[in-house]
Amino acid sequence: MNEAPTYQKFIYITPFKTEVERVLSSVNRDFKQPDGDSAGETKLEDIKRLIADGENIVSTHSLFKRVDSEVIDLLEMENYILILDEVMDVIEQVKISKDDLKMLIQNKVIKVDKKGIVSWDQVDYQQGYFEKIRNLANSGNLMMYEDDASEPIAIYWTFPVETFKCFGEVFILTYMFNGQIQRAYFDLFGLNYNYKSVISTNEEYKLSSYIPYQEENRSHLKNLIKIYYSSPRDKIDINKIGKKHSSLRVSDLKEDTSYFSQPVKHRKTLNNITITCDAFIVSLILSFSKQNYCIHHIITIISYFQPFSLT
């Protein structure tokens, strides 16, 4: 965002309020955060005003999930880039019993099309117990799940997929995207995406062609891994420190007071624990890097993890 042309507009969505504050204070362009006011204007109304004014916007997942048709219409008139920090909860089950679902269908209050989209058919219903169901159905974001006998099991709210289509580009920062619900959501609605990797060149990070984990160069990691082997001179085989089920629990270590009375041995054990943890960290990093970064002609999903060092 710091290097983008000044005319380019961004919407940055994050699950963390601390990240909102970081973007507001550290990015070299003027970002605005939607906020309610004493006059009764809600954050949703404020974000509509900010979009209409063409402002750079930073906000949270919880507010972004509340977008409605008016927000979508406003976004279609602007050329925003969306940066989504972490995947969203794009599908959520709505709390309602199976009996209530059957009753609503049998009394023709709701109907379900071939794609599972739920619509509200009772125009005279104004308010009451099913008001939330009516509002979700009228927004077109409600889907029914049925069993093999076509009996209703549950209904789910889905984030309006048209929202993603309103942006010139969408970057999603996450990892292991293949295992995320949002990946299945994209597949369900036919949104295309491609993986991209991030590389560091001259202390600058850039998107590059995706590198599958099978083709990653891991040779430099070998020098970061130390393996301890016991020798005949060792009185204790430190590799067996975690053999018992209760090993390294606080209560177990406190009981073994003789263990703490030998500082040299203790330090050696701790060193070995560090080495073992280093190898474990390497294993985690290799696992995390299996699904790196992704881009669609409008959607980019970027996987990342924190920098680390091994001793």
Side-chain angles (χ1 to χ4, degrees), residues 1 10-16 19 58-68 71-72 75-76 80-94 112-118 136 139-147 153-199 205-216 218 283-306:
M1 294 187 292
F10 291 90
I11 293 181
Y12 189 101
I13 302 297
T14 175
F16 310 110
E19 182 68 4
V58 57
S59 189
T60 59
H61 282 194
S62 59
L63 178 59
F64 194 62
K65 286 168 60 177
R66 294 165 54 195
V67 300
D68 55 20
V71 173
I72 293 173
L75 288 172
E76 286 180 339
Y80 275 101
I81 288 179
L82 173 65
I83 299 180
L84 185 59
D85 181 17
E86 302 294 351
V87 294
M88 294 174 52
D89 295 327
V90 290
I91 299 177
E92 293 181 351
Q93 184 172 350
V94 179
V112 185
D113 66 14
K114 294 181 180 180
K115 294 183 178 180
I117 304 298
V118 177
L136 291 174
S139 69
N141 300 322
L142 205 58
M143 299 189 71
M144 176 81 72
Y145 171 70
E146 299 176 339
D147 61 16
I153 299 299
I155 52 176
Y156 294 86
W157 165 86
T158 59
F159 183 80
V161 70
E162 293 81 9
T163 308
F164 291 109
K165 300 177 182 179
C166 296
F167 294 93
E169 290 182 285
V170 176
F171 295 83
I172 303 180
L173 287 66
T174 187
Y175 64 92
M176 300 182 73
F177 184 66
N178 267 1
Q180 301 285 359
I181 291 178
Q182 191 161 349
R183 191 273 307 165
Y185 165 89
F186 283 166
D187 292 345
L188 175 66
F189 291 104
L191 290 179
N192 298 320
Y193 50 88
N194 298 304
Y195 290 96
K196 299 293 286 186
S197 293
V198 171
I199 59 173
Y205 292 97
K206 298 180 180 180
L207 292 178
S208 67
S209 299
Y210 173 64
I211 303 174
Y213 76 93
Q214 299 94 334
E215 301 175 13
E216 289 179 342
R218 306 178 188 177
S283 175
L284 282 178
I285 295 301
L286 297 182
S287 176
F288 284 176
S289 63
K290 289 183 180 180
Q291 304 298 341
N292 270 356
Y293 307 88
C294 145
I295 186 169
H296 162 236
H297 62 282
I298 64 165
I299 297 179
T300 305
I301 300 176
I302 303 177
S303 169
Y304 63 95
F305 42 78
Q306 296 295 326

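Predicted model only: the values in this text are computed from it and were never measured.
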Spatial distance of atom CD1 (Ile81) from atom CE (Met1) [nearest 0.5 Å]: 10.0 Å

Please check if the distance between the ring centroids of Phe189 and Phe164 is under 6.0 Å. no

Quick one: closest heavy-atom pair of Gln182 and Phe177, and the distance? C-CZ, 4.2 Å

Indicate yes or no: at least one non-hydrogen side-chain atom of Val90 is less than 4.5 angstrom from one of Phe186. no

Rounded to the nearest 0.5 Å, how far does CD1 of Ile13 lie from CD1 of Ile172? 11.5 Å

Does any donor atom in the side chain of Tyr195 or Asn178 lie under 3.5 Å from an acceptor atom in the other side chain? yes

Charged N-O contact under 4.0 Å between Lys65 and Glu92: yes

Do Phe10 and Tyr80 have side-chain heavy atoms sitting under 4.5 Å apart? no

Can you measure from CG (Leu75) to OG1 (Thr163) and round to the nearest 0.5 angstrom? 7.0 Å

Look at atom CD1 of Ile72 and say whether more than 12 heavy atoms of other residues, nucleotides or ligands are closer to it than 6.0 Å. yes

Report yes or no: does His61 contribute a side-chain atom to a donor-acceptor pair with the main-chain N or O of Asp85 at less than 3.5 Å? yes

The reported gap from CG in Leu136 to CE in Met143 (rounded to nearest 0.5 angstrom) is 13.5 Å

Taking all atoms of both residues into account, what is the closest heavy-atom pair of Phe159 and Tyr185, and its distance? O-OH, 2.6 Å

Separation between CD1 of Ile11 and CG of Leu82, rounded to the nearest 0.5 Å: 6.5 Å

Is any side-chain heavy atom of Gln93 closer than 4.5 Å to a side-chain heavy atom of Ile155? no

